[in-house]
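I have placed the structure first, in the form of C-alpha cells, so that the comments after it can refer back to it.
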Amino acid sequence: MSTIQKPSTHPLPALAILGGAPAFSELLHVGRPNLGSREKLHQRVNRILDRKWLTNNGPMVREFEQKIANFVGVKHCIAMCNATVALEIAIRAAGLRGEVIVPSYTFIATAHALQWQEITPVFCDLDPLTHNLDPAKAEALITPRTTGVIGVHVWGRPCPIDELTALCHERKLTLMFDAAHALGCSYKGRMIGGFGLAEILSFHATKFLNTFEGGAVLTNDAELAKKIRLMKNFGFAGYDNVIYIGTNGKMTEVCAAMGLTNLESLDEFLAANQRNYHCYQACLQGMDGLSLIQYDAGERCNYQYIVVEVDERRLGLSRDQLVATLYVENVLARKYFWPGCHRMQPYGSYFPHAGLLLPETEKLGARIIVLPTGTAIGPAEINTICRIIRTAVAHREAVCEALATHAPVLRPVLP
Ligand code: T4K
C-alpha cells in the first residue's frame, strides 16, 4: 500500500488551458467503480448459470440481503434493481402522500421518486456546515398536507437524525432516509441504515459498494418489509394472487453476485478511499479559498466523496473555472448537486421562486467541486490533480483570460 505523498512544489510545465498537453492521457472520472476479485465473481456467475436461476429472489440475492442486514445491524434488507425504484416503493409502502419535505441539495432521484407518484417534494434549505437538512427550516415547511420527511445523508455524513426523529415524532410524520451515499457510515456509533421507518441504499456502479446497478430498502419494521417485498414483485403474494399494486423492482442474481464479491473487498475499498482523502488533505493544505470537507473521525465513514468548497473571492478562480481547467487536463471533476433539484425540471417550472427560500442551497451549489477518488486512483494522480489546481491559482489571470476566449464545453463522456 502506498503512503501519503508530500505535495510537490514543482509547477506543471504548462496547463492545458494555456496550450500545454493534458496532464493525463486517459480520462480521470469521479465514480470509477470499485471492483473486487474477478475470479470470485466468475465463480459466482458460473454457479448462477449452472443453477439456471437468474432472478426472482434467488439464493445469491437472499445471501446478499442477509449480509447487508448483518453488516448494518438491521432486521430487514430488501434488495432492488436500483435505489430510485427502492425509494419509490418505500415511499408508496409507507403510505406517504400530499407533501414530503426533502432537501433540494441532493441527487434528482430523491425528488423524482416522490413526484413520480404525484407526491409534492417540498424543498428544504440546508445547514452550510453539514450540507444536510436543517431541522428548524424543515419544521417551518410543515403544512396540513405534509405526511413525511426524507432526509439525505449527503456525502455519507449523517443527517441530524435525532432532531428530525423528534420533529417527526411530535408532528406525527413519517421519517425516512435516502442513505444512497452512506453504506458503512455511522451516527453516534450506530450504523446508518437502521434509523427512521426505512433507509434506502444505492449500489450503483459509482457507489462505495456496487452491484452494477442496485439498491435496497433497510427497515426494522416487519410489516413494512413484507409489503415492500410484495410490491417489488408486482404485488404477488403467491402464484396467481396479487394483493397490492406493484412494480418490478427485483435485483438479479448476477447483480447480487457482484455485490457479494465486492463486499469481500470492502475493507480494501475503504482503505483506498481513506488514503486518497488524506492525500488530498496533504496536497491541498494551506490553499486559501479551498476547503476539503471533514469527516468525523469519531464515526465510521466510507470517505466515498472528495468534496471541496471553493471560495471564489479568496481563491481568485470560481468553481466553474476550476472545473473547466481540470476538464481540459482530462480530470472530469463534478459539480454535484448543481444547480439543485429546485432548478431542474419539472420543479423549476412548478416552483420558479423556490430559490428565494433556499439561499444556502443556492450558495453551496455554486461552490462545490467533487474530485476523483476510489480504488482506480492513488497518490500519484492526486498529487498531479492538486498541482494542476495550485498552478491554475498561481496563473489565475492567464487562466481566466484563456477561459473567457475558449471555455471548454463540459459534456458527459461515454466509454
Ligand atoms: N439518492 C442519492 C442521494 C443519490 O446520490 C443517488 C444516485 C440516488 C438516490 C439514486 O441511486 P440509483 O438509482 O442510481 O441507484 C451518478 C450516479 O449515476 C448516481 O447513481 C449517483 N447518485 C450520482 C451522485 O452520481 P451522474 O449522472 O453524475 O454520473 P454517471 O452515472 O454518469 O457516472 C459518473 C462517472 O462515473 C462517469 O462519468 C464515468 C464513471 N463511471 C460510471 C459508470 C456508470 C464508470 O467509470 N463506470 C460506470 O459503469 O450520476
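Order of listing sets the numbers, starting from 1, for every ligand and every atom in it. Quick note: residue numbers are just sequence positions, from 1.
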ask   = Taking the six-membered ring for Trp, are F177 and H153 parallel (under 30°), tilted (30 to 60°) or perpendicular (over 60°)?
value = parallel

key: Between CH2 on residue W53 and CD on residue E253, distance to nearest 0.5 Å   = 9.0 Å

ask   = Quick check: does F107 get an N/O under 3.5 Å from an N/O on ligand 1?
value = no

key: F208 side chain reached by L266 side chain, heavy atoms, under 4.5 Å   = yes

inquiry  = Give the atom numbers and elements of ligand 1 that come within less than 4.0 Å of a heavy atom of T106.
reply    = 3 (C)

Residue of the set F123, W155, Y305 for which ring pair (Phe, Tyr, Trp, His ring centres under 6.0 Å) holds with F337 = W155

message = Please check: side-chain N/O of E99 versus main-chain N/O of T120, any donor-acceptor pairing under 3.5 Å?
response = no

request  = Might you work through the salt bridge (charged side-chain N to carboxylate O under 4.0 Å, His left out) test for E360 and K363, ending with a clear yes or no?
outcome  = CA-CA 5 Å; E360 299 299 345; K363 272 189 257 168; 3.6 Å; yes

ask   = If you measure only the distance, is there a donor-acceptor pair under 3.5 Å linking the side chains of S186 and E299?
value = yes

inquiry  = Does the plane of the ring in Y347 sit parallel, tilted or perpendicular to the ring in H112? Use 30° and 60° as the thresholds.
reply    = tilted

key: Identity and separation of the nearest protein heavy atom to atom 18 (O) of ligand 1   = H204 CE1, 3.0 Å

ask   = Is the closest heavy atom of K207 to ligand 1 under 4.0 Å?
value = yes

request  = Please verify whether a non-hydrogen atom of D178 lies at under 4.0 Å from ligand 1.
outcome  = yes

Atom indices of ligand 1, in the order listed, that fall short of 4.0 Å to a heavy atom of Y336 = 16 (C), 25 (O), 26 (P), 28 (O), 29 (O)

Heavy atom of G215, distance to ligand 1 below 4.0 Å = no

query = Is the shortest N/O to N/O distance between Y305 and ligand 1 below 3.5 Å?
reply = no

request  = Provide the number and element of each atom of ligand 1 under 4.0 Å from a heavy atom of S202.
outcome  = 11 (O), 12 (P), 15 (O)

note = A109 heavy atoms within 4.0 Å reach ligand 1 at atoms 8 (C), 9 (C), 10 (C)

request  = Answer side chain, backbone, both or neither: which part of L332 comes under 4.0 Å from ligand 1, heavy atoms only.
outcome  = neither

note = The closest protein heavy-atom partner of atom 40 (C) of ligand 1 is G31 O, 3.5 Å

query = For ligand 1, which atoms sit closer than 4.0 Å to a heavy atom of T84?
reply = 10 (C), 12 (P), 13 (O)

note = Honestly, for H181 the part within reach of ligand 1 (heavy atoms, under 4.0 Å) is side chain

Part of F203 within contact of ligand 1 (heavy atoms, under 4.0 Å) = neither

H169 NE2: over 12 foreign heavy atoms closer than 6.0 Å = no

ask   = Using the ring of each side chain (for Trp, its six-membered ring), is F64 parallel, tilted or perpendicular to F203, with breaks at 30° and 60°?
value = perpendicular

message = Show me which atoms of ligand 1 lie under 4.0 Å from any heavy atom of P33.
response = 45 (C), 46 (O), 47 (N)

task = Below 4.0 angstrom from a heavy atom of R32, which ligand 1 atoms are there? Numbered from 1 as shown, please.
result = 45 (C), 46 (O)

query = Is R157 reaching over with its side chain to a backbone N or O of Q294, donor-acceptor style, under 3.5 angstrom?
reply = yes

inquiry  = Need the ligand 1 atom indices (1-based, order shown) with element for anything under 4.0 Å from a heavy-atom of G214.
reply    = 15 (O)

